[in-house]
Amino acid sequence: MKVQVWWWGVPLAALSLLGIYLLRTYDPNVAGNPFLPCVFHQMTGLYCPGCGMTRALHALVHFDLRRALRMNAFFILSAPILALMVWQLYQPLPLMLAKFVKPFMNPWPWVFAVPLFAIVRNLPWYPFYFLAPIS
């Protein structure tokens with residue numbers, strides 16, 4: 001049984017528009033912004049896999065892909081795949097996209113990739129320090 005898209009699509013679209021408005025209006029790099037800081041980073045001084053996501057989205061809504069990748073490359077590169085995965089849960093994808101997404105539907109690569117990214121982005125050596133979000 002497929003879930004009707006309209007009942008969750010409308011609130012999701014409204015929240016997305018609100019998020020875009022906030023990201024276009026406020027800079028998460030400036031003190032006094034309405035966005036929450038990363039609690040993990042504040043407590044440990046280390047970067048979690050999500051550190052830099054808000055700043056990456058801020059860069060994306062300002063069409064700065066280079067800066068977005070510098071803030072959180074894993075999120076920026078995996079977001080389209082994750083969006084297609086969610087789409088496939090509710091609607092069948094075109095065959096070509098379905099073949100592309102199928103290997104990513106297995107959770108085990110994600111279980112290893114996300115923590116690995118968190119570890120590697122905290123290493124202080126070249127080239128790993130490029131994965132840490134820039135200030």
Side-chain angles (χ1 to χ4, degrees):
M1 180 175 123
K2 292 291 180 187
V3 177
Q4 293 294 327
V5 174
W6 66 267
W7 72 266
W8 60 267
V10 172
L12 182 63
L15 283 173
S16 297
L17 289 173
L18 175 63
I20 291 169
Y21 167 77
L22 290 171
L23 287 165
R24 294 274 311 161
T25 306
Y26 300 101
D27 185 353
N29 300 300
V30 176
N33 69 69
F35 303 110
L36 298 174
C38 178
V39 175
F40 181 81
H41 181 67
Q42 284 185 327
M43 292 177 69
T44 65
L46 299 172
Y47 299 112
C48 74
C51 279
M53 279 177 41
T54 305
R55 292 179 285 164
L57 288 171
H58 172 73
L60 275 183
V61 299
H62 287 90
F63 307 106
D64 190 353
L65 181 59
R66 185 170 176 246
R67 185 167 178 83
L69 284 168
R70 187 64 177 91
M71 290 297 173
N72 193 320
F74 187 80
F75 170 69
I76 296 300
L77 296 174
S78 64
I81 296 165
L82 294 171
L84 288 172
M85 290 169 60
V86 171
W87 180 6
Q88 186 170 335
L89 292 175
Y90 296 100
Q91 296 274 114
L93 289 172
L95 186 58
M96 190 169 170
L97 282 177
K99 286 181 181 179
F100 172 74
V101 170
K102 186 176 181 179
F104 296 104
M105 295 300 281
N106 183 351
W108 287 108
W110 296 100
V111 168
F112 290 104
V114 173
L116 180 64
F117 175 68
I119 293 167
V120 169
R121 78 186 316 204
N122 285 290
L123 296 176
W125 312 295
Y126 175 86
F128 304 115
Y129 59 75
F130 286 117
L131 295 174
I134 57 177
S135 298

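We're numbering straight along the sequence, starting at 1. Given the structure is predicted, the values throughout are model-derived calculations rather than measurements.
Tracing side-chain contacts under 4.5 Å through hydrophobic residues (I, L, V, M, F, W, Y), one reaches Trp87 starting from Leu12; they form part of the same cluster. Under the 4.5 Å side-chain heavy-atom criterion for ILVMFWY residues, a single connected hydrophobic cluster contains both Leu89 and Met85. Hydrophobic clustering of Ile, Leu, Val, Met, Phe, Trp and Tyr side chains at less than 4.5 Å, counting indirect connections, unites Leu131 with Leu123. Val86 and Val101 fall within the same hydrophobic cluster, defined by Ile, Leu, Val, Met, Phe, Trp and Tyr side-chain heavy atoms under 4.5 Å apart, directly or through other members. Under a hydrophobic-cluster definition in which Ile, Leu, Val, Met, Phe, Trp and Tyr are linked whenever side-chain heavy atoms come within less than 4.5 Å, directly or via other members, Tyr47 and Ile76 are assigned to different clusters.
Of all non-hydrogen atoms in Phe63 and Arg24, the two that sit nearest each other are CE1-NH1, 4.4 Å. Contact between Phe117 and Pro49 at its shortest, heavy atoms only, is CE2-O, 3.7 Å. Taking both residues in full, the closest heavy atoms of Ile134 and Arg55 are given as O-NH1, 2.9 Å, listed atom of the first, atom of the second, then distance. Contact record, Cys48 with Cys38: SG-SG, 3.7 Å, taken as the closest heavy-atom pair. Of all the heavy atoms in Trp110 and Asn106, the pair that sits closest is CD1-O, 3.4 Å.
Counted within 6.0 Å of CZ on Phe40, heavy atoms from surrounding residues, nucleotides or ligands total more than 12; the atom is thus considered enclosed. Residue-environment remark: CZ (Phe35) exceeds the threshold of 12 foreign heavy atoms within 6.0 Å.
The line from CG of Leu93 to CG of Leu84 is 6.0 Å long, rounded to the nearest 0.5 Å. Atoms CG and CE, on Leu57 and Met71 in that order, are 11.5 Å from each other to the nearest 0.5 Å. Between the CG atom in Leu69 and the CZ atom in Arg67 there is a gap of 12.0 Å [rounded to 0.5 Å]. The CZ atom of Phe128 sits 11.5 Å away from atom CD1 of Ile119, with the distance rounded to the nearest 0.5 Å. Taking NE2 from His58 and CG from Asp27, the interatomic distance works out to 3.5 Å, rounded to the nearest 0.5 Å. Phe74 contributes atom CZ, which lies 14.0 Å from atom SG of Cys51 (distance to the nearest 0.5 angstrom).
At least one side-chain heavy atom of Phe100 sits under 4.5 Å from a side-chain heavy atom of Ile81.
Between the side chain of Arg121 and the backbone N or O of Leu116 there is no donor-acceptor pair closer than 3.5 Å. Looking at Asn33, its side chain does come within 3.5 Å of a backbone N or O of Pro28 through a donor-acceptor pair.
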